[in-house]
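So that the names make sense, note that chain A is the first sequence line, chain B the second, and so on, each numbered from 1. The shown structure was predicted, so the numbers you read here are calculated from the model rather than taken from an experiment.
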There are 4 protein chains.
Amino acid sequence: MAKPRSSEKRNKIFQAGLRLFAQNGYSKTTIKDIAAEANVSFGTVFTYFENKEELFHLCVTEPIEEFRNYLLETSGILENFSLNKLKEIVDEHVAYFLEKEDYLRVIQYVIGQPERFPEMMEELDQFSDEFMSFIQDIVKTGMEKGVLPEGNPEEVGYGYLAFLMGARLTFTDHANVQLTNAFKNQALRLFGIVV
Amino acid sequence: MAKPRSSEKRNKIFQAGLRLFAQNGYSKTTIKDIAAEANVSFGTVFTYFENKEELFHLCVTEPIEEFRNYLLETSGILENFSLNKLKEIVDEHVAYFLEKEDYLRVIQYVIGQPERFPEMMEELDQFSDEFMSFIQDIVKTGMEKGVLPEGNPEEVGYGYLAFLMGARLTFTDHANVQLTNAFKNQALRLFGIVV
Amino acid sequence: MAKPRSSEKRNKIFQAGLRLFAQNGYSKTTIKDIAAEANVSFGTVFTYFENKEELFHLCVTEPIEEFRNYLLETSGILENFSLNKLKEIVDEHVAYFLEKEDYLRVIQYVIGQPERFPEMMEELDQFSDEFMSFIQDIVKTGMEKGVLPEGNPEEVGYGYLAFLMGARLTFTDHANVQLTNAFKNQALRLFGIVV
Amino acid sequence: MAKPRSSEKRNKIFQAGLRLFAQNGYSKTTIKDIAAEANVSFGTVFTYFENKEELFHLCVTEPIEEFRNYLLETSGILENFSLNKLKEIVDEHVAYFLEKEDYLRVIQYVIGQPERFPEMMEELDQFSDEFMSFIQDIVKTGMEKGVLPEGNPEEVGYGYLAFLMGARLTFTDHANVQLTNAFKNQALRLFGIVV
DNA sequence: CATGAATGAGATTTCATTCAT
DNA sequence: GATGAATGAAATCTCATTCAT
């Protein structure tokens, strides 16, 4: 049976799932917990989601689109490149990664068990390719304009993504200003900018 | 009842547990799986470990000592600092982090659920403090000797640890030479060294 | 709340229920399945039937009347008994039993669980008594007129009913001409007529 | 994991399953019920059987062998055919079918839902073919020796099997002497023997 | 020490039924 | 009357742990 795709309740359940999957992982999170967190009865979860795995799957894949829009929408940078613009973008990236703690934890959970969720891995890999390609374009443009030092754009892409993930996942202080600044500065260093 | 602390069988079970916890997380990993992976009978696991949680706990905490020794034993660097020495150390760090995939996944699992395993979190936090302090000392020394550019040593510490974790956890290619070099170069950039 | 006793929709639901109960038994058949098979919405089933058990109960008991009419209406046979008339009746019985596959499966389901549906069992028992009594009358008349060999009319009644039920329930080929003829001939043998 | 194939407990569970599946059908019978009937804890059922369906499957297929041995072992009849021998065999068949109530109910359950358990249907069909072929041989031999009247052996086979099944399934009095005799006599009539 | 049968708590999932729209 | 979202009881199955052999 087709499940309703949007409704206030569905959204509450979805957010509850995201939060709890992030906090406790997939197996430890129970449907009962999710229902309670969403202030919804047990059976209602199954009104909106076929089963636990589907809910998890959607928690992983649905936000990708938003992620894509947010992270790549700033591609105007390429036409009018400048150091300041780069700083702005990096600041936004860092802030966004630090803010999306729940979602990134869930993603990490999937990446950590690639054989278990191959379909989801593929979607995530595709997105990470897009993101790294975007970074590489920035690096290339920056080098051409003489704003960034010589370097291997691919390496910067890898390093930058790893850094953003690690920053969010390694430190669990939810929003520490000092930490945020540290990461913003260090992220710039990965582009070769030493402030 | 006191459990034997070392024996060939205990070690096989321990390694099997580490591998499977890394691959599937805590809940998905069953004692039966561990016993099979260790080529040991089901009940034998309980001969060497009180229960599943204790085994997991030990998988997280026992290797910390080795980690500590390996990562910090190179502290001779401070007395005789040079760019080449820094490069060597960074190379080793990157290589070591990439090699210890299983262990780092397990650690990440714990860090991702800080409320669930508070005791283990504390031990890990302590180690990460030590490691960052080590890095800060390097940065301070490097700046004093004019080998490293001015910067905030604390920020470098945060960024470097985040980077190492993210590098290992974001990319699942088990051992990619190209990737390894990328990470080595990028890690140096976090110290302000642009090659 | 009184439920409507007849309507096109009610009938569609009833037939759908009969078909599915016959195919999958009581527990495996869901209201959702019945609604789908009847091309009716889920809640509508409850507009016409108090609950699942009532629908099942009615599927078992409502058709008894039709069964009674069909099987016993030929009682004119007694007044004008002949071998040909017996053959006609037996042919009709066999054909009718083979045709009413769904209903007979449902009946068998109830007979197979006598403690579970005692009320329905009683109604079915009553009908089977009537039917056997009808057969016994035929046998008695046939013996008196010298058309049938000596025998125990009660035994023929038991055997004949058992045979008709078994014929329908043991062979699942829906309508096999060869099988039908076989059963017609064998049914006559139960009356002592060897063709 | 391979399950133990024989043990006192396994047998108790098996018999309990057979009894309850016969009484309540597959869906209504719960593992809890089976465990209670077998005087065994809930989880122990899963020590001996993979899951509910496997237990049911085995309840259907395991006894076939015994059935085969019992029903066909009397094939010596063909070499030394006589009316008395036929009577003996028929008596045994009737008695055996009436005795094996549980098992026959379970078989009937499967035959009634042929699409649901295709694998089991196949095994049952094979056995019923063997049995009917055995009956046909008897009829042929009996006709050749002039002991049985002319007739179609195939038809007798169909009719006889249907009759035995129906006899057991239509009447739920567990062991009624009068009924037994009725069925023995009527069964002979299917062979063309009118006593 | 080593083993694996026994146990039952706890998780997922199904589905009859209610009831507001 | 018709609909289908909401509910929670009840079923199956998993698995850590115990303990007799």
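- Residues E115(C) and K28(D) are not paired through a salt bridge, judged by the lack of any N-O separation under 4.0 Å between the basic side chain and the carboxylate.
- Computed from coordinates, the K32(A) NZ to dA9(E) P distance equals 14 Å when rounded to whole Å.
- In this entry the distance linking NZ of K52(B) with P of dC15(F) reads 8 Å, nearest Å.
- Taking atom CD on E54(B) and atom P on dT17(F), their separation rounds to 10 Å, with Å as the unit.
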Shorter than 3.5 Å, N or O on both sides, protein versus nucleotides 6-8 of chain F: list them out with atom names.
unit_1: dA6(F); atom_1: OP1; unit_2: K9(A); atom_2: NZ; d: 3.2
unit_1: dA6(F); atom_1: OP1; unit_2: Y48(A); atom_2: OH; d: 3.2
unit_1: dA6(F); atom_1: OP2; unit_2: Y48(A); atom_2: OH; d: 2.5
unit_1: dT7(F); atom_1: OP2; unit_2: S41(A); atom_2: N; d: 3.1
unit_1: dT7(F); atom_1: OP2; unit_2: S41(A); atom_2: OG; d: 3.1
unit_1: dT7(F); atom_1: OP2; unit_2: T44(A); atom_2: OG1; d: 2.4
unit_1: dT7(F); atom_1: O5'; unit_2: S41(A); atom_2: OG; d: 3.0
unit_1: dG8(F); atom_1: N7; unit_2: G43(A); atom_2: N; d: 3.3

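- A donor and an acceptor atom, one from each side chain of S41(C) and T44(C), are located under 3.5 Å apart.
- Here dA16(F) presents its P atom at 12 Å from CG of L20(B), a figure rounded to the nearest Å.
- Remark on DNA chain E: of its neighbouring residues E53(A) and N39(D), the 5'-side contact belongs to N39(D), judged by nearest-heavy-atom nucleotide.
- Across the strands present, dA11(E) finds its partner in dT12(F); the criterion is a Watson-Crick or G-U wobble pair with both atom distances under 3.5 angstrom.
- Pair assignment for dA2(E): dT21(F), on the basis of Watson-Crick or G-U wobble contacts that are both within less than 3.5 Å.
- Note: F117(D) and Y26(D) have perpendicular aromatic rings, judged against thresholds of 30 and 60 degrees for the angle between ring planes.
- With respect to F56(D), the ring pair (Phe, Tyr, Trp, His ring centres under 6.0 Å) criterion is satisfied by exactly one of F49(D), F14(D), F21(D): F21(D).
- With the nearest nucleotide of DNA chain F identified for both K28(B) and T29(D), T29(D) has the one nearer the 5' end.
- Using a 4.0 Å cut-off between charged nitrogen and carboxylate oxygen, E66(B) and K100(B) count as a salt-bridge pair.
- A salt bridge does not link E8(D) to K12(D): none of the charged nitrogens lies less than 4.0 Å from a carboxylate oxygen.
- Nucleotide dA5(E) holds its C1' atom 14 Å from the NZ atom of K12(D), rounded to whole Å.
- Summarising the geometry, the separation between CG on N51(C) and P on dC15(E) is reported as 17 Å, rounded to the nearest angstrom.
- With rounding to whole Å, I31(C) atom CD1 is found 9 Å from dT17(E) atom C1'.
- As rounded to whole Å, 12 Å separates atom C1' of dC1(E) from atom CD1 of I13(B).
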